Structures are given as C-alpha cells and as structure tokens.
Amino acid sequence: MARVRIEQGIVEGSEMSGVHAFLGMPYAAAPIGDRRWQPPQPPDAWEGVRDATHFGPACLQKGGASFDLRVQEQSEDCLFLNVWTSTLDSQAQHPVMVWIHGGGNLGGAGSEDAFDGAHLARQGVTVVTFNYRLGAFGFLAHKSIGANFAVLDQVAALSWVASNIAAFGGDPDNVTVMGESAGAMSIGALLGMPAAQGLFRRAILQSGGASNLVTRPRATQVAQALLAKLGLETSQLAALADVPLEALLKIQPELGREFGGILAYSPMIDGETLPQHPSAMIAQGSAANVAILAGTNRDEWRLFAMMSGGPKVDEEQLTRIFGDEARPALAVYTEARTDQSPELAWIDIMSDLVFRMPAIRLAEAQVKLGAPVWMYRFDWESPAFGGVLGAAHAMDIPFVFNTLDVGLSRTFTGDSPTRQPLADLMHASWAAFIRSGTPAIAGLPAWPPYDLDRRATMIFGDVAHVVDDPQGQVRAVWKHVLQERDNH
C-alpha cells in the first residue's frame with residue numbers, strides 16, 4: 001500500500017504489476033442540499049489517511065449509456081476521480097491524460113471497465129478519470145440558478161489535477177484532455193471556455209466536436225418542462241433543491257424524448273461560463289496553442305440504428321436537416337457508397353451530422369490558427385452480432401485503452417486476428433501524442449498533420465493507412481447546414 005499527500009490530506013492506494021491506483025478521491029465537495037445546481041466547491045480536507053482503494057459512487061443516472069460500470073452504487077455525492085501511475089516520484093514529470101467519459105450526458109462514470117488506466121500508465125502516462133454530474137443534475141439551466149454545472153465539474157477536476165498531479169508523478173504542465181462522444185463534445189466546450197484556459201496543453205476528441213450546445217431559450221424550455229412535470233411554478237425554482245431524487249430521475253428520460261436526447265442535457269451558451277458558441281471562441285483563438293488529435297468511427301450511427309430496429313431513412317428528419325436539398329443530399333451519399341444503399345447512406349448522413357462534420361470543423365478552425373492537428377478515422381469492423389455494427393460508435397474506446405477483453409468490450413469487439421495488433425498500434429499512438437503532441441510511432445505509415453489542402457487522415461482498419469480527404473465528395477453537402485444548426 002502506497003501513501004501520497006495531496007492538498008486535502010493523505011490517501012492510500014493499491015499497487016498491481018507495477019501500477020499504482022488511487023481511486024475514489026473527491027475533487028470537489030458533495031453537490032448535495034444547497035449545493036445542488038451550484039458550481040462545484042473545493043473538497044473538504046480530512047484527518048488521518050483516506051482509503052483510495054475503491055471507486056466512489058457513480059453520478060445518478062437513468063436512461064444513459066455506458067460500458068460495464070465496476071461500481072453499481074449511485075449517489076448525488078459523486079464528484080470523485082481516479083489516478084493510475086507507474087511512479088510516485090513527484091519529480092518524474094510524466095505526461096498526464098485526463099479522460100472525460102461519454103454516455104449522452106445521461107450515463108457513464110470514470111469507473112467503467114473499458115477506461116482502466118493501467119495499460120496507459122505502463123506507457124509512462126499518469127491517467128486520470130472522473131465522474132461529473134449527469135442529466136438534469138449537471139445540465140439544468142435557468143437564469144435564476146445558473147448553467148453548465150457538469151462542465152464546471154470538468155474544470156474543477158482539471159484544476160485538481162493542476163494542484164495535485166505532481167504527487168502522482170505527473171507533470172501539471174503537460175496535460176492532455178481526452179474524451180469520447182459526449183466527453184469529446186465537452187472538450188469542444190472546454191476549448192472555448194475561459195475558465196478552462198491553461199489547464200491542458202493537448203486534446204484528443206473521439207467522435208465529437210464543439211457541437212450539441214443549446215441557447216438560453218432552449219434551455220429555459222427544458223427547465224420549464226421539468227418544473228411543470230413536478231407541479232412547480234417558475235417562481236418555485238428554489239424548491240428544486242428539495243425534490244426527491246427518484247422524481248428527478250423518473251423525469252429525465254421523458255425530457256430526453258421530448259427535447260431531442262442529448263440536446264435536453266447539453267452545455268448552454270450563457271454569456272458567462274460560455275460567452276459564445278465554442279466554435280466562435282475557437283475560431284477567435286481561444287485554444288490556439290492546443291494540439292488536437294481528432295477523429296470519428298466510419299459507421300458511428302449503426303449502433304443507434306441497431307438499437308431502434310435497423311437502418312431506415314427518416315424522411316422527416318432528412319428534410320429537417322437539408323430542407324429543399326434533402327433528396328439531392330441523400331443521392332450524393334448513396335452514390336458515394338459502393339453498395340448504393342440509401343439506408344446505409346442515411347447512417348453515413350447521421351454519422352456526419354452528429355460526429356464527423358463537427359470534428360472536421362473544429363480541426364479546420366485550429367488549422368487556420370496554425371495549431372497542430374492530426375485527424376483519423378476508425379474503420380475496423382467488428383464481427384460481433386453477425387457484423388451488423390461495422391465500425392460503430394464507441395468501438396474505438398477499448399482499442400485506445402487496450403482493454404479489449406474487459407467487460408462489454410469483448411462482447412462488442414468479438415474476435416479477429418487484426419483486433420489486438422490494431423489495439424497495440426492505436427494505444428501506442430495515443431500515448432505518443434499524450435507524451436509529445438504527435439501520434440507518429442514505428443509501425444504506422446507516415447502521418448502528416450491535417451491541412452486544408454490535403455486533409456490527410458489516418459485510417460485505422462485491418463491495416464492502417466493514410467487517405468487524403470476521405471469522403472471528400474460529401475463535405476460540400478454540409479456547407480450551410482451546421483452553421484445554421486449552431487445558431488439555433
């Protein structure tokens with residue numbers, strides 16, 4: 001058992017196969033009682049030695065998505081983080097990676113099986129994972145109570161890292177923030193958020209960009225709908241602090257269905273914590289010195305299509321997205337596919353709308369500012385479930401953490417002779433970027449930085465190779481769509 005002194009007191013962790021793990025450490029005070037729907041407050045100090053050999057409770061959730069949670073306990077008192085490190089030398093200055101989990105802002109935790117940091121720690125990286133408030137607890141927004149509590153939790157975790165990570169062998173001046181899906185979208189917000197400036201040097205965004213932000217009128221609609229379901233008036237907002245947890249958890253999925261899933265629980269452009277849309281802030285240089293590694297999975301939307309009965313063109317949504325250009329847009333996507341399948345072309349459209357195009361736009365903004373950017377696409381097709389998932393959403397996570405055989409990761413990745421070799425490559429490449437700001441490693445082809453002429457993109461499939469401007473023929477379809485979406 002190893003002990004480490006941090007600002008709040010002494011913690012005792014565990015050690016296995018050369019990796020120290022310190023789990024369930026509070027990075028903020030419990031957001032309960034009067035602290036519900038308040039910005040995170042500093043954690044309390046403690047006397048004696050705090051046991052850090054077990055994960056803390058996950059944040060309250062219902063209706064979200066996650067890999068296996070190693071902790072089934074949930075609590076409103078959930079702002080805990082975890083550290084894996086191969087050294088406790090405070091002068092070691094190992095690069096630091098801080099992981100922001102996905103789950104649609106409704107589910108997940110830093111304690112999920114797939115996020116085990118031991119493998120990256122063996123690559124010389126000090127790894128941090130953490131929980132942040134979910135659903136209404138993290139994203140309810142109203143002018144009378146504030147906004148963006150979950151993203152402020154993320155800033156608080158990064159601030160804890162800045163103050164304490166040296167005690168775990170980490171370099172507070174060499175921090176990479178990394179996230180997937182909703183976690184990557186949070187990073188998109190952090191890149192434009194004044195409070196997060198200077199807390200990280202690099203960012204890895206997997207399946208997400210500076211997207212799924214909401215305006216104040218939209219957030220107010222969600223808050224008012226929540227109040228109505230609870231039988232409260234707007235003047236009774238203060239009473240929300242006393243609403244039973246079970247009532248709030250019951251309403252969360254209902255609001256998600258009414259307001260477009262993650263858009264019911266997303267960061268809000270409030271003029272304060274987020275002064276403008278992050279895309280605008282990034283274009284103005286808010287993250288000009290941050291190196292970016294970003295990419296998406298080839299068949300992101302297949303996972304969601306499988307969960308809802310299989311791929312099928314949603315004509316109504318197609319029209320909402322493209323207006324009068326709906327049918328021509330579908331035709332462009334269909335013609336771009338070798339199988340000429342409109343249903344799978346719809347999968348490509350949704351994958352691009354939600355994930356790929358926001359990532360490309362963020363990359364473009366950074367490139368224009370002269371920041372180093374590397375782009376990838378994950379094309380490895382899982383043989384699981386008869387191959388219906390392809391390279392679906394979240395499939396990349398166990399490859400970069402090298403946790404292929406843990407929990408649900410094995411179920412969704414199945415087995416193939418290319419699986420582990422690809423995980424070894426991606427794991428080492430991500431570790432190289434975290435260490436030095438470039439993902440180049442032996443075993444990969446030359447990987448040029450992204451630019452607006454060549455648009456070089458590393459394709460991670462059965463064989464890794466670079467393609468210039470993959471799916472370039474469909475990018476023009478989105479010329480005006482995402483800008484209009486940001487403004488609404």
Side-chain angles (χ1 to χ4, degrees), residues 28-43 59-64 75-79 104-106 131-157 159 182 185-186 189-190 192-196 212-278 280-281 486-488:
I32 59 177
D34 292 341
R35 289 174 175 160
R36 185 188 286 180
W37 294 305
Q38 292 291 325
Q41 301 300 310
C59 291
L60 296 170
Q61 53 195 271
K62 185 177 182 180
S75 173
E76 196 172 8
D77 178 7
C78 64
L79 300 185
N105 291 334
L106 275 171
N131 306 334
Y132 55 92
R133 282 174 280 182
L134 301 167
F137 298 93
F139 295 95
L140 185 70
H142 193 279
K143 63 182 180 181
S144 298
I145 61 171
N148 297 326
F149 306 112
V151 189
L152 291 170
D153 290 346
Q154 295 162 9
V155 172
S159 297
M185 294 171 193
S186 285
L190 292 170
M193 195 169 182
N212 284 335
L213 280 291
V214 295
T215 59
R216 186 178 293 279
R218 174 77 171 191
T220 300
Q221 283 183 321
V222 176
Q224 289 174 337
L226 175 68
L227 288 168
K229 290 179 181 295
L230 292 169
L232 299 174
E233 301 291 337
T234 303
S235 60
Q236 297 175 289
L237 270 168
L240 281 174
D242 299 319
V243 171
L245 301 179
E246 295 76 13
L248 289 166
L249 286 170
K250 179 179 182 295
I251 289 169
Q252 279 189 178
E254 298 174 15
L255 291 176
R257 288 189 291 270
E258 291 176 22
F259 289 93
I262 194 173
L263 290 177
Y265 307 106
S266 287
M268 186 187 90
I269 306 164
D270 63 348
E272 297 175 11
T273 56
L274 274 174
Q276 303 176 54
H277 193 287
M281 300 287 288
D486 288 346
N487 294 334
H488 294 85

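Treat the numbers as computed from the prediction; the structure is a model and nothing was measured. Start at 1 with the first residue, then count along the sequence.
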Practice item. For Ala29, enumerate each residue passing the side-chain contact (heavy atoms from CB on, under 4.5 Å) test, keeping only those at least two apart in sequence or located in another chain. Key: Arg35, Gln41
Study note, to complete from the structure: In this structure, SG of Cys78 is separated from CG of Asp153 (nearest 0.5 Å) by 7.5 Å
Check your understanding: With no hydrogens and no angle check, is any side-chain donor or acceptor of Asn148 less than 3.5 Å from a backbone partner on Met268?
Key -> yes
Practice item. List for me each residue that meets salt bridge (charged side-chain N to carboxylate O under 4.0 Å, His left out) alongside Glu254, sequence neighbours excluded, and say none if there are none. Key: Lys229, Lys250
Study note, to complete from the structure: salt bridge (charged side-chain N to carboxylate O under 4.0 Å, His left out) pairs touching residues 259-278, sequence neighbours excluded, are none
Review point. Checking side-chain contact (heavy atoms from CB on, under 4.5 Å) for the pair Asn105/Met185: CA distance, chi angles, key distance, verdict?
Key: CA-CA 10 Å; Asn105 291 334; Met185 294 171 193; over 6 Å; no
Point to revise | side-chain contact (heavy atoms from CB on, under 4.5 Å) partners of Phe137, counting only residues at least two apart | key: Arg36, Leu60, Glu76, Arg133, Leu245, Leu248, Leu249, Gln252
For residues 233-240, which side-chain donor-acceptor pairs fall under 3.5 Å, sequence neighbours excluded?
unit_1, atom_1, unit_2, atom_2, d
Gln236, OE1, Glu233, N, 2.7

Check your understanding: What distance separates Tyr265 OH from Leu140 CG, expressed to the nearest 0.5 Å?
Key -> 9.0 Å
Exercise for review: Could you pull out the closest heavy-atom pair between Ala241 and Gly33, with the gap in Å?
Suggested key: CB-O, 4.0 Å
Exercise for review: For Ser266 and Val214, indicate whether the former's side chain and the latter's backbone hold a donor-acceptor pair under 3.5 Å.
Suggested key: no
Check your understanding: Looking only at heavy atoms, what is the nearest atom pair of Val151 and Pro267, with distance?
Key -> CG2-CG, 3.7 Å
Exercise for review: Taking all heavy atoms of Phe149 and all of Pro39, pick out the closest pair and write down the distance.
Suggested key: CD2-N, 3.9 Å
Review point. Which value, rounded to the nearest 0.5 Å, describes the distance between Cys59 atom SG and Leu106 atom CG?
Key: 12.0 Å
Practice item. Would you name the heavy atoms of Gly192 and Met281 that are closest together and state the gap between them? Key: O-CE, 3.3 Å
Check your understanding: Hey, mind stepping through Leu274 and Met193 against side-chain contact (heavy atoms from CB on, under 4.5 Å) and telling me if it holds?
Key -> CA-CA 6 Å; Leu274 274 174; Met193 195 169 182; 4.2 Å; yes
Exercise for review: Could you check Val155 against Tyr132 for side-chain contact (heavy atoms from CB on, under 4.5 Å), going step by step and ending with a plain yes or no?
Suggested key: CA-CA 10 Å; Val155 172; Tyr132 55 92; over 6 Å; no
Check your understanding: Quick one: CD1 on Ile32 to CD on Gln38, what's the gap to the nearest 0.5 Å?
Key -> 13.5 Å
Practice item. Give the minimum heavy-atom separation between Gly256 and Ala264, together with the two atoms involved. Key: CA-CB, 4.1 Å
Practice item. Assess whether side-chain contact (heavy atoms from CB on, under 4.5 Å) is satisfied between Ile269 and Arg216, documenting all intermediate values. Key: CA-CA 7 Å; Ile269 306 164; Arg216 186 178 293 279; over 6 Å; no
Revision key, fill the gap. Val222 meets the side-chain contact (heavy atoms from CB on, under 4.5 Å) criterion, sequence neighbours left out, with Leu255, Phe259
